[in-house]
Amino acid sequence: MQNDRKTVSYYPKVLISKDELIALQTRRMKHTLLRAYSFVPYYKKKWDDHGVHPDDFTFLEDIQKFPFTTKEDLRLNYPFGMFANPMSDIVRLHASSGTTGKPTVVGYTRKDIDTWSDLVARSLRLGGAGKGDIVHVSYGYGLFTGGLGAHYGAEKLGCTVVPASGGFTDKQVTLITDFKANVIMVTPSYMLNIIEEMENRGIDPKETALRVGIFGAEPWSMEMKKTIEDKVGIAALDIYGLSEMMGPGVACEVLEDRGDLYIWEDHFYPEIVDKDTFSPLPDEHEGELVLTTLTKEALPIIRYRTKDLSTLYDGDLLNMRKMKRIKARTDDMMIIRGVNVFPSQIEEVLLKIDAFTPNYQLIITRAKNMDDLSIDVEPSLTASTSDISQAIKTLIHKVKSGIGVTVKVNIKNHGEVPRSQGKAQRVVDKRIL
Ligand code: DLL
């Protein structure tokens, strides 16, 4: 690929050649391994026990000799045990709540914050935003990385940032309309909530100044993307990240090469492994995404098992690889009477049916040792009784024929399905195990 491509030349760092990228990754990986071994006793012990040393690394493939890191490793070292810098170098902490046990705590040096801001700025720029844009950030501010991560990146790009954070949806709508935001950064499920609030107030979302949405932090189906794009008249782009790596901005969808996400491979080295055996898989194969930080100072993470299901492949625009939109987290998989089901598969079917709103929740129950799945849905306000009964039949039929599982459909009153304030809770597991 030419290095002088005009199309993305406004963000020159992404125009690296494949050879340059590999050389850079190799150098950075070696440095990261050495720092982790020298400054994080946990890595030293784990690698010594495993019989592997940073000297065993020469080529990128050698990373496969090193053991994985998991959330459990971070928990065992709660709160700061895996930091490679003294606390006096740490300028920021974030944490992810986790459903059980202690949160995982992540730390950043000044340089880490700069790199993170640069990568979010890059994601925004390649998503079509720039200086002069007003960026409304509805990701939560606080220990969650979404709000501050988006904020620093948009500011670095020279945008005007509105730090709205999550919640107070009526106020969000007022700010978006009054300040004429051009770009919104929010979870897709909370965007639905904002759209609904606009509609309730008689505001056509298409009439706002919004041009681009940068959505992430949770799996969302292509049908959800289409729903948002159609209702708001914007480009709905996908941004991926996780606190253990940094936060938002590990990978992002690019406006000039829509569909799936480019991974910022100069800062994160991706691998795909089999989701059950964890053996490495070649590109074009689906499995669990494993990431290694290449430039993080405070918290170098080697071969982190993200539990996110994706596939790596070469894109057309850049020499960095693309990852398919996250299908699901491995631990979100429901097994209903022997059939594997992901929430996004149900979402894909449901959102194609006009008589339902995009608000839904999946309920798992158990009776007589058998698991049952039901879908709580709300009919759209314009749907007639016969539209609704037809829609129920269609949903049951399409889920059975497409996914192979029998579901019940519960019709809820308008507003009864809980609305997302950030990351949506799609599955309610009522089984007593
Ligand atoms: O959710 C960071 C983030 C904030 C990303 C804002 C994008 C936008 P955590 O709270 O640590 O960090 O959760 C990370 O969220 O492992 C995925 O399972 C999921 N996730 C994040 N982005 C996407 C996405 C932030 N675009 C976990 N598509 C990850 C699907 C996503 N899932």
Side-chain angles (χ1 to χ4, degrees), residues 69-71 74-75 93-99 103-108 116-117 119-120 122-124 127 135-154 164-166 183-191 213-222 224-225 228 236-254 259-264 268 270 275 288-291 293 299 301 304-311 322-333 342-345 347-348 420-427:
T69 305
T70 63
K71 217 177 183 68
L74 286 160
R75 288 219 176 98
L93 295 172
H94 281 284
S96 70
S97 52
T99 40
T104 42
V105 180
V106 294
Y108 305 76
W116 184 14
S117 312
L119 291 178
V120 173
R122 179 195 286 188
S123 304
L124 276 163
V135 179
H136 183 97
V137 179
S138 306
Y139 288 121
Y141 281 60
L143 288 174
F144 175 53
T145 53
L148 284 166
H151 184 113
Y152 272 58
S165 192
V183 179
I184 184 160
M185 300 182 76
V186 60
T187 59
S189 61
Y190 190 49
M191 185 68 201
I214 312 272
F215 303 108
E218 60 185 3
W220 53 310
S221 64
M222 281 305 280
M224 173 82 85
K225 194 181 185 62
I228 294 174
L237 305 181
D238 199 349
I239 190 164
Y240 170 79
L242 57 163
S243 38
E244 292 83 354
M245 284 295 113
M246 172 178 91
V250 171
C252 193
E253 187 175 349
V254 169
D260 298 330
L261 303 89
Y262 277 98
I263 303 186
W264 303 136
F268 304 98
K275 72 175 174 37
E288 182 177 341
L289 180 67
V290 169
L291 292 167
T293 62
L299 189 56
I301 303 243
Y304 187 70
R305 279 194 36 221
T306 64
K307 298 202 168 183
D308 293 323
L309 287 177
S310 185
T311 305
K322 287 182 101 168
M323 60 181 242
K324 286 205 174 146
R325 294 162 60 73
I326 300 292
K327 184 174 173 187
R329 288 184 60 77
T330 48
D331 41 16
D332 278 348
M333 190 174 81
F342 291 108
S344 58
Q345 291 176 289
E347 182 180 295
E348 193 80 34
S420 162
Q421 298 291 319
K423 295 189 190 230
Q425 191 194 352
R426 293 299 186 201
V427 182

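Note that the structure is predicted; figures quoted are calculated from it, not measured. We're numbering straight along the sequence, starting at 1. Order of appearance sets the numbers: ligands from 1, and atoms from 1 within every ligand.
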Enquirer: Considering only heavy atoms, does Leu242 approach ligand 1 within less than 4.0 Å through its side chain, its backbone, both, or neither?
Expert: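 It is both parts that get close, each with some atom under 4.0 Å.
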Enquirer: I'd like to check the side chain to side chain donor-acceptor pair (under 3.5 Å) partners of His94; sequence neighbours left out, ordered by chain and number.
Expert: Arg92
Enquirer: Among all the protein's non-hydrogen atoms, which is closest to atom 11 (O) of ligand 1, and how far away is it?
Expert: Ser243 OG, 2.7 Å
Enquirer: Parallel, tilted or perpendicular: which describes the rings of Trp116 and Tyr108, with under 30° parallel and over 60° perpendicular?
Expert: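 Rings of Trp116 and Tyr108: parallel, as their planes differ by under 30°.
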Enquirer: In the protein, what heavy atom is nearest to atom 28 (N) of ligand 1, and what distance, to one decimal place, separates them?
Expert: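 Nearest protein contact, heavy atoms only, for atom 28 (N) of ligand 1 is Glu218 O, 3.3 Å.
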Enquirer: Would you say Leu261 and Lys322 make side-chain contact, with heavy atoms under 4.5 Å?
Expert: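 Answer no - side chains too far apart.
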Enquirer: Find all atoms of ligand 1 within a distance of less than 4.0 Å from any non-hydrogen atom belonging to Thr145, and give their numbers and elements.
Expert: 2 (C), 12 (O)
Enquirer: As an exercise, identify every atom of ligand 1 less than 4.0 angstrom from a heavy atom of Gly146.
Expert: 4 (C), 6 (C)
Enquirer: Charged N to carboxylate O below 4.0 Å: is that the case for Arg325 and Asp238?
Expert: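 Result for this pair is yes, salt bridge flagged.
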Enquirer: Does any N or O atom in Arg329 lie less than 3.5 angstrom from one in ligand 1, N or O only?
Expert: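 N/O-N/O distance below 3.5 Å exists for this pair.
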Enquirer: Non-hydrogen atoms of Lys423 versus ligand 1: any pair closer than 4.0 Å?
Expert: yes
Enquirer: So for atom OH, which belongs to Tyr152, do other residues, nucleotides or ligands contribute more than 12 heavy atoms lying within a distance under 6.0 Å?
Expert: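 12 or below, so no.
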Enquirer: Any atoms of ligand 1 less than 4.0 Å from a non-hydrogen atom of Pro219? List them with their elements.
Expert: 30 (C), 32 (N)
Enquirer: Give a yes-or-no answer on whether the side chains of Ser189 and Glu218 include a donor-acceptor pair shorter than 3.5 Å.
Expert: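 There is such a pair (donor and acceptor under 3.5 Å, judged by atom type) between the side chains of Ser189 and Glu218.
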Enquirer: So, is Ile239 polar-close to ligand 1, with some N/O to N/O distance under 3.5 Å?
Expert: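 It does: an N or O of Ile239 is found under 3.5 Å from an N or O of ligand 1.
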Enquirer: Given 3.5 Å as the limit, does a donor-acceptor pair link the side chain of Glu253 with the main chain of Gly259, or not?
Expert: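 Yes.
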Enquirer: What residue and heavy atom of the protein are closest to atom 18 (O) of ligand 1, and at what distance?
Expert: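 Of every protein heavy atom, Asp308 OD1, 2.6 Å lies nearest to atom 18 (O) of ligand 1.
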Enquirer: Could you tabulate the donor-acceptor pairs under 3.5 Å formed by side-chain atoms of residues 240-252, not counting sequence neighbours?
Expert:
residue: Tyr240; atom: OH; partner: Asp308; partner atom: OD2; Å: 2.6
residue: Glu244; atom: OE2; partner: Lys71; partner atom: NZ; Å: 2.6
residue: Glu244; atom: OE2; partner: Tyr304; partner atom: OH; Å: 3.2

Enquirer: Distance to 0.1 Å, residue and atom name: give those for the protein heavy atom nearest to atom 20 (N) of ligand 1.
Expert: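 I find the closest protein heavy atom is Ala217 C, 3.5 Å.
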Enquirer: List ligand 1 atoms under 4.0 Å from Asp238, heavy atoms only on the residue side.
Expert: 24 (C), 26 (N)
